[in-house]
Every structure is written in structure tokens, then in C-alpha cells.
Protein chains: 2
Amino acid sequence: MTDTKKSVIKRRKSADIRKGNLQLILTVAEQRFAEFGYNGTTISSIAEQANLPKSNILYYFKTKEVLYKEVLSQILKIWLVDMEEMTADQHPKEALRQYILLKVRQSKDHSNASRIFASELLHGAPFLKEKLQTDLKVQFISTCQVIREWIAKQWMNPISPEHLLFMIWSSTQAYADYGLQSSILMGKAELDDDDFETGAELITQIVLRGCGIKQL
Amino acid sequence: MTDTKKSVIKRRKSADIRKGNLQLILTVAEQRFAEFGYNGTTISSIAEQANLPKSNILYYFKTKEVLYKEVLSQILKIWLVDMEEMTADQHPKEALRQYILLKVRQSKDHSNASRIFASELLHGAPFLKEKLQTDLKVQFISTCQVIREWIAKQWMNPISPEHLLFMIWSSTQAYADYGLQSSILMGKAELDDDDFETGAELITQIVLRGCGIKQL
DNA sequence: CAACTACCTGACCACAGAGTCAACAAGTTA
DNA sequence: TAACTTGTTGACTCTGTGGTCAGGTAGTTG
């Protein structure tokens with residue numbers, strides 16, 4: 001009994017070490033990459049912030065590139081999930097509102113991930129190009145189709161679904177990407193919850209009205 | 001006569017060397033910084049692309065940082081100019097349309113500059129913070145005031161000028177920042193003139209309708 | 001406890017990249 | 001032409017960084 005228990009405890013403890021360190025490193029790495037970019041981030045700086053020796057980082061991730069890709073890989077998933085929820089049978093009034101809200105929330109809650117993603121795109125998506133051409137593109141085409149059906153049902157004005165999506169993406173994404181700049185301009189240390197809510201609401205209003213979608 | 005002429009020619013030639021090299025370096029540097037970011041860009045790579053020895057770059061720009069700041073400094077100016085043109089006596093219908101058009105054009109014609117600016121903001125504007133707090137903020141506040149006056153005149157719905165500007169900035173800026181991603185999704189090598197026009201028109205329509213600005 | 005595996009880490013290496021410098025070339029002016 | 005300024009460049013230094021490695025320790029299993 002004691003043996004088993006002890007063994008179990010130890011086994012769990014050992015697994016926890018790995019899991020814990022992995023998580024710690026990924027979290028810290030995400031912060032650093034978001035702030036300084038891939039080239040501006042050193043393994044040493046990650047190590048320092050995580051309170052681990054540099055060699056230990058390299059023990060879990062063979063190279064810096066592997067670590068970065070690992071961080072990246074989780075981001076695209078998050079990005080795609082929200083879009084899937086828009087379907088043709090929903091009314092755009094609800095669907096778009098919800099999507100915009102989620103995207104802005106994401107900019108707030110996963111600001112680092114969002115910024116890394118943006119930075120990646122900005123520099124030509126060297127590590128993401130393939131995934132964009134497959135996963136994201138499939139989802140994109142499908143969502144454009146949904147919008148086309150909304151238009152066919154005359155639930156909204158006939159406008160380019162592609163450009164509409166670009167507009168929604170960029171304006172919601174901006175609350176992560178340019179949050180700092182925005183806060184400077186608005187004269188505060190950082191954007192608060194209200195700012196995000198106001199932003200989401202404004203984007204929603206403008207998009208819905210702009211697309212000729214009658215509200216209520 | 002011959003002497004003077006010769007002298008003049010030589011003087012001009014000498015000045016031209018400086019001017020020409022300066023311009024060449026700045027242009028190449030802008031490309032590299034846009035594509036690889038500050039840390040991802042090496043002086044050697046700039047030198048190579050400009051067909052100059054590395055030392056020569058350092059002769060004109062004491063350090064990499066000086067060169068980068070020089071590139072940056074020209075960008076903010078461009079960014080501010082268009083905004084100045086929006087004034088309270090104009091009707092937002094015209095003013096916003098024009099501003100959006102200019103901003104999208106800028107994303108097309110000065111894509112590198114736009115991307116450097118975006119990248120700078122994305123990483124907390126380490127080199128631009130001061131200028132943002134002064135120049136850009138002044139212009140921002142003033143433009144917000146213009147919008148407030150439009151609202152007071154009931155030329156548009158009462159919406160937050162700050163967030164409206166963020167929305168316009170980000171959605172127009174996106175045509176530079178995410179141009180590559182967009183082209184991938186739309187299945188072409190790069191966005192063509194039509195895409196930019198369509199984008200500008202769509203943003204304009206949505207913003208004008210979204211703000212409750214009657215067109216014509 | 002013994003053998004084993006997973007985890008940890010300081011010392012080390014190779015190399016790239018920013019910036020210096022000294023010597024030289026080319027234009028400029030009197 | 002002589003004195004001077006401006007431009008040019010290869011060779012060099014020095015720091016920082018990604019990554020290796022060997023020798024450790026701590027958990028694990030029979």
C-alpha cells in the first residue's frame with residue numbers, strides 16, 4: 001500500500017515536473033516572443049525569466065525554432081475555433097455580433113498569442129505559410145460561403161465576404177496588436193475592460209449597420 | 001568658365017554621391033527592416049543588397065539604430081499628413097471617404113513603411129513611444145474633436161471617436177500588414193489594384209453606413 | 001538495493017554580427 | 001599643384017548567442 005502510494009505519488013510528481021516545466025517555458029516564451037519577436041528573443045532571457053538554467057530550456061526544446069513553432073502551433077487553433085461557429089442558418093445579426101465579441105475578448109485574454117500571430121503575418125509568415133494555405137484557407141472559404149448565403153437570403157447587403165472578413169479580423173485584432181498605442185493615445189497605462197467592451201460594441205454596430213443588417 | 005563649370009559639376013557630383021548613397025541605403029534598409037524586423041536585419045545583408053561594403057553603410061549611419069530611426073522618422077510623418085486633412089467644416093461623408101482611400105493607397109504604395117510602423121507598435125513602440133506621446137497624440141486628439149463636432153452637427157451617429165479611428169486605422173492598415181496573408185487566402189500571388197480599390201470602397205461603405213452618415 | 005531512466009546544469013565551443021580603425025582614393029578649393 | 005575634405009574599404013576586435021556535452025542528481029522499477 002505504502003509502496004504503491006509512494007510510487008504513484010512519485011510517478012505523478014515526475015510527470016508533473018515535465019508538464020510543469022514545459023508549461024512554464026511555453027508561457028514565458030510566449031511573453032518574450034510577443035514582446036521582442038523571434039530574433040529579438042534570446043534563450044537566455046527566457047531562461048532568466050523562467051528561473052531556469054539555459055541548458056534546461058534546451059533540454060525540453062532542442063532548438064529555439066522548435067520552441068517557437070510549438071508556441072505558434074497553439075495559436076492558429078485558437079484563431080480558427082471562433083470562426084467555425086458562424087453557420088448559414090444563424091442570422092448574421094447574432095453570428096457576427098458573437099464572432100466580433102469573441103475576437104475582441106481573444107485580443108484581451110490572449111494578447112501575446114495574438115501579437116505573435118500578427119508579427120508572423122507581418123513578416124511574411126515564414127513559419128506559418130503552409131498552415132495558412134491549408135487550414136486557414138479552408139475555413140476562410142467556408143466562412144465566405146456562409147456570408148454569401150446570408151446575402152442570398154437578403155439578410156444583408158451584397159458585399160465582398162473576403163474583404164468583410166479582413167475588416168473584421170483587422171479591427172478586432174487591433175485591440176491586441178495596437179493596444180499599447182491605443183492606451184497611450186487615450187492617456188492611460190493600459191486599456192481596461194470597458195475599453196474592450198466599448199470597442200467590441202462599436203465594431204459590432206458599425207459592421208451590422210454597414211452591412212445593412214437590421215437589428216431587432 | 002570651364003573651371004567653374006567643372007567645379008560646379010564636381011560639386012554636384014560629390015553631393016550626389018552622398019545623396020544617392022544615402023537614398024540607396026535608406027531604401028534597401030526599409031525593405032529589409034519591413035521583411036525581417038529590426039533584430040532580424042543585419043547590416044551585412046543591407047550592404048549586400050545595396051552592393052556596398054558594410055563599412056560604407058556604417059560610414060553614413062554610425063549605428064544600426066541610427067539607420068533604423070532614420071527610416072522610422074519618415075514614416076510617422078506620412079502617417080500624420082492624411083489625418084490633418086480632416087476638418088470639422090468638411091462633411092464626414094467626403095472627409096472619411098477621402099481619408100480611407102488615402103490610407104489604403106498608402107498601404108499599397110508604402111507597404112514597407114507601413115509594415116515597419118506596425119511592427120514597431122506591435123512590440124511596444126520602443127523607438128517611437130515618445131513621438132507617439134507627442135506628435136501622434138496631438139493629432140489624434142484634434143481629429144477626435146473634429147469627429148465630435150460632426151456628431152454635434154448631427155452629421156453622424158454619436159459613437160466613440162477614439163474607437164472609430166482605431167477601426168479605420170486597423171482596417172486600412174491591414175492591406176499592408178496582412179496583404180500577404182490576404183493574397184494567399186484569395187488564391188493569388190499578391191493583391192492587385194482592384195483588390196485595394198474594392199477594399200477601400202468596402203471599408204468606406206461600411207464606415208459611412210455604420211456611422212449613420214447619409215450618402216449623397 | 002541495483003539498475004535504469006528521466007532530469008539537470010556548468011563549462012565549453014563556434015560563429016555571427018555590430019562597430020572600430022587605419023590606410024587609402026577620390027573629389028574640392030585656393 | 002598642394003592642402004584639404006569627403007568618401008571607401010578590408011582587416012580587426014569584442015560581445016552575445018545558439019547549441020553541445022559530459023558528468024551529475026533525482027526519481028522509478030524490478
Side-chain angles (χ1 to χ4, degrees), chain A residues 1-26 28-29 32-33 35-72 126-127, chain B residues 1-26 28-29 32-33 35-72 126-127:
Chain A
M1 255 308 187
T2 325
D3 247 30
T4 324
K5 198 180 162 190
K6 200 175 162 188
S7 176
V8 167
I9 290 175
K10 279 185 181 167
R11 204 176 308 139
R12 195 167 52 198
K13 197 178 172 188
S14 178
D16 282 354
I17 288 176
R18 183 168 197 86
K19 211 178 147 189
N21 277 346
L22 239 37
Q23 192 50 52
L24 173 63
I25 295 171
L26 282 171
V28 172
R32 307 297 296 191
F33 284 134
E35 187 156 1
F36 302 104
Y38 179 76
N39 289 297
T41 301
T42 67
I43 300 184
S44 320
S45 80
I46 297 174
E48 197 180 353
Q49 185 144 337
N51 255 321
L52 292 172
K54 190 182 71 167
S55 307
N56 208 0
I57 312 277
L58 271 318
Y59 170 71
Y60 285 104
F61 299 92
K62 283 280 169 277
T63 68
K64 182 179 164 183
E65 192 175 320
V66 166
L67 172 55
Y68 181 67
K69 281 184 175 167
E70 190 55 39
V71 171
L72 262 189
F127 297 106
Chain B
M1 255 305 189
T2 324
D3 247 29
T4 325
K5 197 181 167 191
K6 202 175 160 189
S7 176
V8 168
I9 288 176
K10 279 185 184 170
R11 202 178 308 137
R12 193 167 53 200
K13 196 179 174 190
S14 176
D16 282 353
I17 288 177
R18 181 165 200 89
K19 210 178 151 190
N21 279 344
L22 239 38
Q23 193 50 52
L24 173 63
I25 295 171
L26 283 171
V28 172
R32 307 297 297 190
F33 283 135
E35 187 156 1
F36 302 103
Y38 179 76
N39 288 298
T41 300
T42 67
I43 299 184
S44 319
S45 80
I46 296 174
E48 197 180 351
Q49 186 143 335
N51 255 321
L52 292 173
K54 191 182 72 167
S55 307
N56 208 0
I57 311 277
L58 272 319
Y59 169 71
Y60 285 104
F61 299 92
K62 283 280 170 278
T63 68
K64 182 178 164 185
E65 190 175 322
V66 167
L67 173 53
Y68 181 68
K69 281 185 175 166
E70 190 56 39
V71 171
L72 262 187
F127 297 105

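We name chains A, B, ... by the order of the sequence lines, and we start the count at 1 in each one. Computed from heavy atoms alone, side chains included, the values below leave out hydrogens, waters and symmetry copies.
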N/O (side chain, [X]) to phosphate O (OP1/OP2, [N]) under 4.0 Å:
X       : N      : answer
A/Arg18 : C/dA6  : no
A/Tyr59 : C/dC7  : yes
B/Asn56 : D/dG10 : no
B/Tyr60 : D/dT6  : no

Gap between atoms [atom1] and [atom2], on [X] and [N] respectively (whole Å):
X       : N      : atom1 : atom2 : value
A/Lys64 : D/dT20 : NZ    : P     : 14 Å
B/Leu67 : C/dG17 : CG    : C1'   : 15 Å
A/Ile57 : C/dC7  : CD1   : C1'   : 14 Å
A/Ile43 : D/dG18 : CD1   : C1'   : 5 Å
A/Asp16 : C/dC7  : CG    : C1'   : 14 Å
B/Glu48 : D/dT9  : CD    : C1'   : 16 Å
A/Asn21 : C/dA6  : CG    : C1'   : 12 Å
A/Phe61 : C/dC7  : CZ    : P     : 12 Å

Exercise. Going through the checks in order, is the side chain to side chain contact (heavy atoms under 4.5 Å, CB included) test met by B/Leu52 and B/Leu24?
Worked result: CA-CA 10 Å; B/Leu52 292 173; B/Leu24 173 63; 4.2 Å; yes
Exercise. In terms of the angle between their ring planes, are A/Tyr38 and A/Phe33 parallel, tilted or perpendicular, with boundaries placed at 30° and 60°?
Worked result: parallel
For this session: Please determine, for the side chain of A/Ile17, which listed nucleotide (C/dG19, C/dC7, C/dG27) has the closest atom?
Result: C/dC7
Exercise. Counting side-chain heavy atoms from C-beta on, which of C/dT9, C/dG19, D/dG19 comes nearest to B/Leu58?
Worked result: C/dG19
I'd like to know if [X] reaches the base of [N] with its side chain such that a donor and an acceptor end up less than 3.5 angstrom apart.
X       : N      : value
A/Lys62 : D/dG19 : no
B/Lys54 : C/dG17 : no
A/Ser55 : C/dG10 : yes

Exercise. Within the structure shown, what part of the strands sits under 4.0 Å from A/Thr42 by heavy-atom distance: base, sugar-phosphate, or nothing?
Worked result: sugar-phosphate
For this session: Check every strand shown and say whether B/Thr41 touches a base, only sugar-phosphate, or nothing at a heavy-atom separation below 4.0 Å.
Result: sugar-phosphate
Problem set entry | Worked check of side chain to side chain contact (heavy atoms under 4.5 Å, CB included) between A/Phe36 and A/Thr42 | CA-CA 9 Å; A/Phe36 302 104; A/Thr42 67; over 6 Å; no
For this session: Please step through side chain to side chain contact (heavy atoms under 4.5 Å, CB included) for the pair B/Thr63 and B/Tyr68, ending with a clear verdict.
Result: CA-CA 9 Å; B/Thr63 68; B/Tyr68 181 68; over 6 Å; no
For this session: Decide side chain to side chain contact (heavy atoms under 4.5 Å, CB included) for A/Phe61 and A/Leu26; before the verdict, give the C-alpha distance in whole Å, the side-chain angles of both, and the deciding distance to 0.1 Å.
Result: CA-CA 10 Å; A/Phe61 299 92; A/Leu26 282 171; 3.9 Å; yes
